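Inspection log for the structure reproduced underneath, given as structure tokens.
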Amino acid sequence: MARKLNLATFAIFAAALLHVTMAQQTHVVGDALAWTVPNGGAAAYTTWTSRKTFAVGDILVFNFTTGLHSVAEVSKAAFDSCNTANPISISTNGPTNITLRSAGSHYYLCTLPSHCTLGQKLAINVAGSASPAPQPAAARPTTPPTAAPVTAPSANPSTAPAPSAAAPSPTVAAQTYTVGGNMGWNVPTTGGPNAYQTWANGKSFKVGDTLVFNFVNGRHNVAMVSKAAYDSCNTTSTINTINTGPARITLTNSGENYYMCTFPSHCSLGQKLAIKVTGTSAAAPTPSIAATPSGSTVPSAPSGDSPVTSPPPPSGSAPSLVLAALPVTFLSLAFARLLN
């Protein structure tokens with residue numbers, strides 16, 4: 001009878017442990033847009049939140065360059081009026097992680113002058129707790145001793161390969177680059193014709209990587225062109241042109257790749273980019289050039305210039321595979337101990 005009770009208690013504890021581990025979500029605010037002044041105004045972050053579900057225990061990641069932005073939690077009144085005087089909390093160091101501690105509406109904005117009024121503000125609604133309260137003390141004695149047998153995993157080989165099988169995921173190697181970083185895809189106000197080449201210096205572009213061109217519709221576009229057209233800023237001969245921003249271009253060919261804006265004088269004023277693509281990333285290539293519909297989100301990337309791997313997944317909310325694997329191994333060891 002005692003053995004049956006132990007097994008029942010263990011099953012309840014195991015289910016609760018798995019639920020707690022899998023429930024927490026991590027959301028990279030704005031995904032590839034990151035935490036910056038958006039070209040599309042406040043609607044950019046409103047569109048991003050419309051695709052998300054937030055719960056107590058989830059984590060918001062605000063990617064921004066220290067000194068260029070901040071993130072402050074404020075009241076609804078301060079949010080509506082972009083009042084930065086009395087924030088509930090504030091962080092000036094990026095990236096900043098904020099754990100959602102309570103249900104209801106939460107409001108965030110950048111406190112730097114005019115950033116909030118230009119659209120760098122975020123309002124979310126947080127649902128009930130994602131993680132249940134700690135389990136009653138009666139369930140805890142079933143936890144196995146801290147020194148688990150080293151040889152126990154071999155008794156259940158089916159779970160052992162899981163972490164290593166997930167490690168070579170193609171998304172680990174593929175990189176996403178936000179062209180120009182916070183500058184976006186515009187006529188550069190600093191750096192002149194060399195601004196984008198300065199940004200590209202030191203970066204290693206590979207087949208399978210993605211370029212994200214952030215620009216305002218109707219003011220800019222991005223065209224893939226030949227070297228001759230690039231050198232002469234010839235806008236009449238293009239390989240392909242995207243007029244809707246943000247635009248995502250997946251690199252499918254190695255060698256030199258050339259891009260520019262075809263609006264009058266924009267190329268000659270420095271809105272042009274030449275990169276060298278080498279090797280092949282683990283990601284399978286997709287069509288060479290594609291536009292992201294206006295208002296849609298793109299994969300996670302920081303506001304700075306350094307590349308990031310594609311995860312967190314495009315949704316920005318998948319729980320860690322490592323966290324998911326730990327309780328499975330733990331439960332296997334505990335169950336084996338109960339049966340002995």
Side-chain angles (χ1 to χ4, degrees), residues 23-131 178 181-184 186 212 214 216 245-246 294-305 308 312 314-319:
Q24 187 183 72
Q25 306 288 321
T26 297
H27 307 272
V28 179
V29 175
D31 292 329
L33 174 64
W35 183 239
T36 187
V37 176
N39 288 333
Y45 290 110
T46 301
T47 300
W48 178 79
T49 58
S50 68
R51 302 172 181 269
K52 310 294 179 183
T53 299
F54 305 96
V56 171
D58 287 357
I59 297 173
L60 300 180
V61 180
F62 291 81
N63 275 329
F64 61 91
T65 302
T66 300
L68 296 181
H69 303 283
S70 67
V71 57
E73 183 169 4
V74 297
S75 65
K76 184 179 188 303
F79 177 86
D80 292 338
S81 62
C82 285
N83 183 345
T84 62
N86 297 296
I88 298 170
S89 64
I90 184 171
S91 173
T92 57
N93 296 320
T96 290
N97 290 4
I98 295 179
T99 301
L100 301 175
R101 304 291 186 186
S102 60
S105 296
H106 291 257
Y107 304 93
Y108 307 92
L109 53 77
C110 178
T111 62
L112 272 68
S114 76
H115 284 206
C116 175
T117 56
L118 291 173
Q120 194 174 2
K121 56 195 299 189
L122 172 72
I124 65 171
N125 186 52
V126 180
S129 175
S131 301
T178 301
N182 284 332
M183 178 170 61
N186 295 291
V212 180
N214 280 326
V216 177
S294 178
S296 64
T297 58
V298 289
S300 162
S303 62
D305 295 334
V308 295
S315 65
S317 60

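Because the structure is predicted, anything quoted here is derived from the model rather than measured.
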> Are the side chain of Asp80 and the backbone N or O of Ala77 linked by a donor-acceptor pair below 3.5 Å?
Replying inline: no
> At their closest point, which heavy atom of Thr49 faces which heavy atom of Ala123, and how far apart are they?
Replying inline: CG2-O, 3.8 Å
> Where do Asp58 and His27 land on the side chain to side chain contact (heavy atoms under 4.5 Å, CB included) test, with the steps shown first?
Replying inline: CA-CA 8 Å; Asp58 287 357; His27 307 272; 3.2 Å; yes
>> Measuring centre to centre across the rings, with the benzene-like ring taken for any Trp, is Tyr108 within less than 6.0 Å of Phe79?
In response: no
> Could you state the interatomic distance from CE (Met183) to OG1 (Thr178), rounded to the nearest 0.5 Å?
Replying inline: 12.0 Å
> Does the pair Val29 and Leu122 meet the rule for a side chain to side chain contact (heavy atoms under 4.5 Å, CB included), with working shown?
Replying inline: CA-CA 9 Å; Val29 175; Leu122 172 72; 3.9 Å; yes
> Is the side chain of Ser114 donor-acceptor paired with the backbone N or O of Thr117 at a distance under 3.5 Å, no angle test?
Replying inline: no
>> For Thr96 and Ser91, which I'm curious about, is there any donor-acceptor pair between the side chains at under 3.5 Å?
In response: yes
> Where is the tightest heavy-atom contact between Val37 and His69, given as atom of each residue plus distance?
Replying inline: N-CE1, 4.0 Å
> Which heavy atom of Tyr45 sits nearest a heavy atom of Lys121, and at what distance?
Replying inline: CB-O, 3.6 Å
>> For Asn97, is the CG atom crowded, meaning more than 12 foreign heavy atoms sit under 6.0 Å from it?
In response: yes
>> Nearest 0.5 Å, please: how far is CG in Leu60 from CG in Leu100?
In response: 4.5 Å
>> Quick check: closest heavy atoms across Ser102 and Val56, and the distance to 0.1 Å?
In response: C-CG2, 3.5 Å
>> Can you tell me how far apart OG1 (Thr111) and NE2 (His115) are? Round to the nearest 0.5 Å.
In response: 9.0 Å
>> To the closest 0.5 Å, what do you measure between CG (Asn214) and CG (Asn182)?
In response: 10.0 Å
>> To the nearest 0.5 Å, what is the distance between CZ on Phe62 and CH2 on Trp35?
In response: 5.5 Å
>> Quick one, Ser70 and Leu112 - any side-chain contact, counting heavy atoms below 4.5 Å?
In response: yes
> Nearest heavy-atom pair of Asn83 and Leu109: which atoms, and what distance?
Replying inline: O-CD2, 4.5 Å
> So, the side chain of Thr66 versus the backbone of Gly94: is there a donor-acceptor pair under 3.5 Å, distance only?
Replying inline: yes
> Cys116 and Cys82: sulfurs closer than 2.5 Å?
Replying inline: yes
> Ile90 and Pro87: which non-hydrogen atoms are nearest, and at how many Å?
Replying inline: CB-CG, 4.3 Å
>> Measuring from atom CG of Leu33 to atom CG of Asp31, what distance do you get when rounded to the nearest 0.5 angstrom?
In response: 8.5 Å
